[in-house]
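The structure under discussion appears below in the form of structure tokens.
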Amino acid sequence: MKTKISVLLCLVLSIFLAACAKQTEKTGELKVDEQGYVMLTDAEVENLVKRSYQYVAMYNVNNKFALADAGMTTKGYNKGLKNTQLLDHTVKAIARPNNDVMYQMAMLDLRKDAAVFEFPAMESKYVSLMATAYDHYVNVPLTTTEGDFKEPTTILFYTQRTENYDGSPVEGVDEIFEMTGDFISLVLRVMPHANEPEKFQRMVDQINQIKGMTLSQFQGQSKLPEEPIEFPDYGATDADVFEHNLLEVMQFIFNHTTFDTTKILDKAVLAAYQPLGIEPGKTYDPETAYKIDRKRFREKSIQIKEEFLAKMNNPEESKSLLPKLFQLKGNMTLESMVLQSVVGPIGLPLKEAVYPPVVSSDGAPMNAMNDYVIEMSKEEIPPATAFWSLTLYDTENGFFIPNDHKKYSVGENSGMQLNPDGGIKIYISEKKPDDIPMDNWLPINRIDQNIDVILRVYAPDLEKYTTWTPPKAVKIK
């Protein structure tokens, strides 16, 4: 009898030790609380959220563009969307879109094959091609500020994981561009000259000449079969991902992103997630993965969003931060990366565009319960070598303010009228003042809603920009 009991005790003990060993292997030195959540300090949670924000924001944006059923979407990867109209308030895929350019978009899956695009010569005063992976580093392979689009151009995109292409020269391809992620967005901005009907039509005709294809198709072969993949859910907001599936999303991103551990931000995000078992090449398993306090992560992400929106709306802070946004890998700080991810992903770097906010003269948040006027003299007009615009948004979501006139911005494409002396007066109000042209009126709905105004200065004169000051909105009493 004693022998049987001893054997039974040994068996129970071995099972217990094996379970402990398995738990130790999984948790390492991290401790969990009574609910099974990893015990993280406030500083550790904040570090994880800040270092994840660039990836979460771009995962949401790119996958909304590629996978959403309605709205501004290609409805799949390796598909495109041609747009020959300016955007309106129905666009919800991205915060703070613009009403200045016509967006042409392609969503690419570069795992199996490279992608090739043929662009015609384009006569617009401003055109830029932007390419962005989940890591949110903004690449601008072609732009009129560098003299591009004067001649037809063929460009190829690939990643180091592309199975059937190794970066070798390809006959007929003018430029080859290596991306850092397998799933990318291409966004072509075309200033449409909307107030010049004949030129506008030529812009539309040129847009319709753009061609995109796989490398196999470009070389006269059949398109390679696409490799199926299951994407983790994206969120309606970034806070949704932080709450519902952060670790799953980050594991997916890690597996489809090229990291460079000589770069500070890359090294730091890998180090932050390694103790949690999230590393490139691993598979996320919800049964064995760590549990994190999801609501805590959501609350921290919202707190950080509000903190960085306040920075954007602080003229002194934004003046120093704006030139640091939307740069290449190695040229970004954590602060500037979080700021661009919170305010509105996939903008353009300084030489292409700058996005100064227009704040109220009294320092209070602007609210639709009030009317405002923004006035600039000829000398105070934004220093743009291409064009400028001023756009109104709701603060909470960064969307256009819905109105029957579909008037969301003042600028060369959406309409504006300068004064005889070369200045301009712009009204933000529920009703249009009698002495103000329709072009210079931004309608609001009389509700308790905070609003933001962002200037866009395309191809800025950087020398003049250093001494130029954005205008302020004066509340009308």
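Sequence positions, counted from 1, serve as the residue numbers for this chain.
- If you look at Tyr393 and Phe399, their ring centroids are not closer than 6.0 Å.
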Leu322/Leu350 under side chain to side chain contact (heavy atoms under 4.5 Å, CB included): CA gap, chis, key distance, verdict = CA-CA 8 Å; Leu322 286 172; Leu350 179 63; over 6 Å; no

Give the C-alpha distance, both sets of side-chain angles, the deciding distance and a yes or no for side chain to side chain contact (heavy atoms under 4.5 Å, CB included) between Ile253 and Tyr134.
-> CA-CA 7 Å; Ile253 290 168; Tyr134 291 149; 3.9 Å; yes

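- Applying the side chain to side chain donor-acceptor pair (under 3.5 Å) criterion to Asn164, with sequence neighbours excluded, gives no partner residue.
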Let me see the working for Leu265 and Val269 under side chain to side chain contact (heavy atoms under 4.5 Å, CB included), right down to the final yes or no.
-> CA-CA 6 Å; Leu265 293 187; Val269 73; over 6 Å; no

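- A distance below 6.0 Å separates the ring centres of Phe242 and Tyr53.
- Side-chain N/O atoms of Tyr273 and Ser52 include a donor and acceptor closer than 3.5 Å.
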Candidate pair Tyr284 and Asn255, rule side-chain hydrogen bond (donor to acceptor under 3.5 Å, both in side chains), full reasoning = CA-CA 10 Å; Tyr284 178 79; Asn255 290 344; over 6 Å; no

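- The line from NZ of Lys464 to CD1 of Ile381 is 12.0 Å long, rounded to the nearest 0.5 Å.
- The closest side-chain donor-acceptor pair between Asp205 and Gln209, if any, does not fall under 3.5 angstrom.
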Verify side chain to side chain contact (heavy atoms under 4.5 Å, CB included) between Val170 and Phe218, making sure each step is shown before the conclusion.
-> CA-CA 10 Å; Val170 176; Phe218 179 75; 4.1 Å; yes

Contacts table for residues 98-111: side-chain donor-acceptor under 3.5 angstrom, sequence neighbours left out:
| residue | atom | partner | partner atom | Å |
| --- | --- | --- | --- | --- |
| Asn98 | OD1 | Asp100 | N | 2.9 |
| Asn98 | OD1 | Val101 | N | 3.2 |
| Asn98 | ND2 | Tyr103 | OH | 2.9 |
| Asn98 | ND2 | Tyr458 | OH | 3.2 |
| Asn99 | OD1 | Ser409 | OG | 3.3 |
| Asn99 | ND2 | Leu87 | O | 2.6 |
| Asp100 | OD1 | Ser389 | OG | 2.8 |
| Asp100 | OD2 | Ser389 | OG | 2.8 |
| Asp100 | OD2 | Tyr458 | OH | 3.4 |
| Tyr103 | OH | Asn98 | N | 3.4 |
| Gln104 | OE1 | Asn83 | N | 2.7 |
| Gln104 | NE2 | Asn83 | O | 2.7 |
| Gln104 | NE2 | Met102 | O | 3.4 |
| Asp109 | OD1 | Arg111 | N | 3.1 |
| Asp109 | OD1 | Arg111 | NE | 3.0 |
| Asp109 | OD2 | Arg111 | NE | 3.2 |
| Asp109 | OD2 | Arg111 | NH2 | 2.8 |
| Arg111 | NH2 | Glu227 | O | 2.6 |

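- Centroid-to-centroid, the aromatic rings of Tyr77 and Phe231 come within less than 6.0 Å.
- How far CE of Met213 is from CZ of Phe117: 8.0 Å, rounded to the nearest 0.5 Å.
- Residues that satisfy the side-chain contact (heavy atoms from CB on, under 4.5 Å) test with His244, not counting sequence neighbours, are Asp240.
- Distance check, rounded to the nearest 0.5 Å: NZ of Lys407 to OG of Ser414 gives 4.0 Å.
- Looking only at atom types and distance, the side chain of Asn445 has no donor-acceptor partner in the side chain of Gln449 under 3.5 Å away.
- Side chain to side chain, Tyr126 and Glu352 meet the donor-acceptor criterion of an N or O pair below 3.5 Å.
- By the 6.0 Å contact criterion, CD on Glu396 is open, its count of non-hydrogen atoms from other residues, nucleotides or ligands being 12 or less.
- No more than 12 heavy atoms of other residues, nucleotides or ligands shown are found within 6.0 angstrom of NZ on Lys475.
- Annotation for Lys378: atom NZ does not count as buried by contact number, only 12 or fewer foreign heavy atoms lying within 6.0 Å.
- Taking the six-membered ring for Trp and the full ring otherwise, Tyr234 and Tyr59 have centroids separated by 6.0 Å or more.
- A donor and an acceptor atom, one from each side chain of Tyr55 and His136, are nowhere located under 3.5 Å apart.
- Listed by chain and residue number, Trp388, Val457 satisfy the side-chain contact (heavy atoms from CB on, under 4.5 Å) test with Ala384 (two or more places apart in sequence, or in another chain).
- Within 6.0 Å of NZ on Lys82 lie more than 12 heavy atoms contributed by other residues, nucleotides or ligands.
- Atom NZ of Lys92 has more than 12 heavy atoms from other residues, nucleotides or ligands within 6.0 Å.
- Residues His256 and Phe183 place their aromatic rings such that the two centres sit under 6.0 Å apart.
- Note that Lys311 lies in the cation-pi zone of Phe308, set by a 6.0 Å cut-off to the ring centre and a 45° limit from the axis.
- The structure places CG of Leu418 at 5.5 Å from CD1 of Ile424, a figure rounded to the nearest 0.5 Å.
- The aromatic ring centres of Phe259 and Phe254 sit less than 6.0 Å apart.
- Salt bridge Arg202/Glu123: present, at least one basic N to carboxylate O contact under 4.0 Å.
- A donor-acceptor contact under 3.5 angstrom links the side chains of Asp113 and Ser216, judged on distance only.
- Using modelled atom types and a 3.5 Å distance limit, the side chains of Asn245 and Asp233 yield no donor-acceptor pair.
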After noting the C-alpha distance and the side-chain angles of Asp135 and Thr180, does the key distance pass the side-chain hydrogen bond (donor to acceptor under 3.5 Å, both in side chains) rule?
-> CA-CA 8 Å; Asp135 56 12; Thr180 53; 2.6 Å; yes

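- Residues satisfying the side chain to side chain donor-acceptor pair (under 3.5 Å) test with Ser336, not counting sequence neighbours, are Thr333.
- Taking the charged nitrogens against the carboxylate oxygens, Arg294 and Glu243 have no contact shorter than 4.0 Å, which rules out a salt bridge.
- No donor-acceptor contact under 3.5 angstrom links the side chains of Asp148 and Thr143, judged on distance only.
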Step-by-step side-chain hydrogen bond (donor to acceptor under 3.5 Å, both in side chains) determination, Asp174 to Thr153 | CA-CA 6 Å; Asp174 301 307; Thr153 303; 4.9 Å; no

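- No hydrogens or angles considered: a donor-acceptor pair under 3.5 Å links the side chains of Asp452 and Thr395.
- Residue pairs meeting the side chain to side chain donor-acceptor pair (under 3.5 Å) criterion with at least one member in residues 424-437, sequence neighbours excluded, are Ser429-Trp441.
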Quick one: do Glu412 and Lys125 satisfy salt bridge (Lys or Arg N to Asp or Glu O under 4.0 Å)? Show the steps, please.
-> CA-CA 12 Å; Glu412 187 172 337; Lys125 70 166 67 173; 3.3 Å; yes

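- Around the NZ atom of Lys211, the shell of radius 6.0 Å holds no more than 12 heavy atoms that belong to other residues, nucleotides or ligands.
- Between Leu186 and Ala131, the closest heavy-atom pair is CD2-CB, 3.5 Å.
- With Ile428 as the fixed residue, the side chain to side chain contact (heavy atoms under 4.5 Å, CB included) test singles out one of Val410, Leu392, Val373, Asp371: Leu392.
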